[in-house]
S.K.: 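The structure under discussion is supplied below as structure tokens; questions concerning it will follow.
We count ligands from 1, going down the list as the structure has it; atoms in each ligand are counted the same way. Heavy atoms only: backbone and side chains are in, while hydrogens, waters and symmetry mates are out.
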Amino acid sequence: MMDLDGLDKNVQFGSYFKHTETSLTKDIVFLNHGSYGTVPKRVAAAQTRYREEMERNPDLWFRQASLDHWLKAVSVLADFFHCHSQDLVLVPNASTGINSVLMSCKLKTGEAILITRLTYGSIQKATSHVTKRFEGTEAVFLDITFPISSAQQIVDLYEECFKSHPNIKLAVIDYITSPSSVVMPVKELITLCHHYSVLSVIDGAHTPGHIPLHLNDLDADFFTGNLHKWLYAPRGCAILWVKRDHHDWIYPVVTSWGYEFPLQIRFFKQGTRDHTAEICGMHAVQFYQAIGGMDRILKYTTGLINEAQEYLVKLLNTESLPIPKSMEVPNMRCILLSGICGFPQSVVFDESEKLILDIMNKSNIVCAFICIEEKLFLRISANVYNTMDDYRRLGEVLLHYHTA
Ligand SMILES: Cc1ncc(COP(=O)(O)O)c(C=O)c1O
């Protein structure tokens, strides 16, 4: 199903890769892989072939073949993420993974879910919805602010919070925060959760393909992560890992024919759906390995993002979001824009979102503008199709944005 002809571990990264392996147009400067990624042509072609197979005989597909392919994909991904395949299911996205866990966790009156100021916005909303549904429950909000001085500072904040809120039943912990781009000390936080008898739900939306993952060793209660960001899967492909102890009470948000079945079938059968993106998770892994795997990819992308960060900070005479080097994300960085080159001192979320479209429409440069503690930041990503020229073009546009 996957054509890897002509691809090897020496494939040239940068412009050549962009033109041969992705569908990005020649002129676009794409510096926001972190939001939706881009699907390599070979992976997209594999998905098309599955769709053709589905249409050749829909009944064969829905009654038999799709489950076979899906279970094969789960097994390949379980190997890749170092876990047992019976603990792993495929879901369309991280939101679905987290919502499935939150909705299944029948909170009792007085109990609470812990989130933080850095929890992804849509997950904050999901938490709010769940605590409204279960009467007498609440969300406890841990206020993590910048600068962050060390991973230990984060661990201490969580510990104080667990001590002062013994009603916390479940903690949603971001592995990589978004959009602020901080790697959290997840292993230490999971240990803390075990100590305080809190269920740990790891939001790893940005983690697969970005940070080495050993799901068995991580020993969380739940882990979810998108494969469409850093692992090159088609959109609609994410994993949900569930600790064996919890299999009996975790249900997908949609109840269907799989209701009384074991975890995997429960999640597979959620009404008639197109599973081709989830199935292609296994081909995304093949592609990722074929171009050199994590070591080679991160060597290129982390080298590039470090150089780009240094270049932009100097050019714009500004600074990066204040976090320790050890908590930086391999492929993303946040750089302060408030008060620089005519950008406003303070912004709200909608203004930063508007800027993304404005710069994209005027300059064909795609990057994220984000609002952290009411200040405007630029978030840049690096991937194997980027080069320093991309960041130079961005730098020029930002320098002259208010004078052009
Ligand atoms: C930390 C985090 N959690 C959850 C999500 C939601 O992912 P999705 O919209 O694919 O469900 C994102 C998306 O970027 C994210 O960064």
Side-chain angles (χ1 to χ4, degrees), residues 30-39 89-103 113-130 139 141-142 144 148 154 170-186 189 200-211 213 218 220 222-241 252-254 267 270 273-274 277-278 280-281 284 321 323 327-334 349 352-353 356 366-372 377 379-381 383:
F30 194 65
L31 298 173
N32 190 25
H33 194 94
S35 284
Y36 309 109
T38 183
V39 187
V89 294
L90 293 167
V91 288
N93 48 49
S95 302
T96 305
I98 301 242
N99 274 272
S100 305
V101 176
L102 295 183
M103 294 291 194
I113 298 176
L114 176 64
I115 54 171
T116 81
R117 184 197 274 266
L118 304 185
T119 300
Y120 189 68
S122 73
I123 304 302
Q124 294 194 20
K125 288 182 194 299
T127 308
S128 165
H129 178 60
V130 168
F141 188 80
L142 178 58
I144 300 177
I148 292 174
I154 301 293
L170 180 151
V172 178
I173 299 171
D174 292 58
Y175 205 127
I176 290 175
T177 66
S178 178
S180 47
S181 311
V182 181
V183 182
M184 285 289 163
V186 165
L189 295 177
S200 51
V201 183
I202 308 305
D203 179 353
H206 274 274
T207 316
H210 201 171
I211 287 195
L213 269 178
L218 195 63
F222 307 95
F223 176 98
T224 192
N226 282 328
L227 309 194
H228 73 249
K229 290 183 191 285
W230 302 101
L231 201 66
Y232 304 119
R235 282 157 218 112
C237 183
I239 52 167
L240 173 65
W241 178 91
V253 280
V254 175
F267 274 81
Q270 295 189 56
R273 294 196 301 146
D274 181 346
E278 292 175 4
C280 283
L321 186 68
I323 57 171
M327 295 174 84
E328 280 180 350
V329 175
N331 297 342
M332 291 192 295
R333 295 300 147 77
C334 294
F349 176 80
S352 59
E353 288 284 301
I356 298 177
V366 188
C367 56
F369 293 95
I370 58 175
C371 171
I372 302 177
F377 282 81
R379 188 191 72 184
I380 45 170
S381 299
N383 212 291

S.K.: Heavy-atom contacts with Asn226 under 4.0 Å: which atoms of ligand 1 show up? List them by number with element.
M.R.: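 Listed by number with element, the hits are 7 (O), 8 (P), 10 (O).
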S.K.: Is a side-chain donor-acceptor pair under 3.5 Å present for Arg379 with Asn32?
M.R.: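 Asn32 vs Arg379: donor-acceptor pair found between side chains.
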S.K.: Would you name the heavy atoms of Met332 and Ser381 that are closest together and state the gap between them?
M.R.: CG-OG, 3.7 Å
S.K.: For atom 2 (C) of ligand 1, tell me which residue out of Gly236, Pro179, Ala205 has the closest non-hydrogen atom.
M.R.: Ala205
S.K.: Examine Thr96 against ligand 1 and note whether any of their N/O atoms are separated by less than 3.5 Å.
M.R.: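 No - when backbone and side-chain N and O of Thr96 are compared with those of ligand 1, no distance drops under 3.5 Å.
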S.K.: Does an N or O anywhere in Lys229 fall below 3.5 Å from an N or O of ligand 1?
M.R.: yes
S.K.: Within a strict 4.5 Å, meaning less than it, do heavy atoms of the Pro252 and Val91 side chains meet?
M.R.: no
S.K.: So if I count the atoms of ligand 1 from 1 in the order they appear, which ones are less than 4.0 Å from some heavy atom of His228?
M.R.: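 Those qualifying, in numeric order: 10 (O).
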S.K.: Does a donor on one side chain sit under 3.5 Å from an acceptor on the other, for His206 and Trp230?
M.R.: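 Yes, because at least one side-chain N or O of His206 sits under 3.5 Å from a partner of the opposite role on Trp230.
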S.K.: Under 4.0 Å, heavy atoms only, figure out whether ligand 1 is touched by the backbone of Ser95, its side chain, both or neither.
M.R.: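 It is both backbone and side chain that touch ligand 1.
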S.K.: Does ligand 1 come near enough to Asp203 that some N or O of the ligand is less than 3.5 Å from an N or O of the residue?
M.R.: yes
S.K.: Check ligand 1 against Asp174 and write out every atom of the ligand that is under 4.0 Å from a heavy-atom position of the residue.
M.R.: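 The list of qualifying atoms is 1 (C).
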S.K.: Could you tell me whether a side-chain N or O of His228 sits under 3.5 Å from a main-chain N or O of Ala238, the two making a donor and an acceptor?
M.R.: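 No; zero donor-acceptor contacts below 3.5 Å.
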S.K.: Taking atom types as modelled, is there a side-chain donor on Asn99 or Thr96 under 3.5 Å from an acceptor on the other?
M.R.: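 There is no such pair between these side chains.
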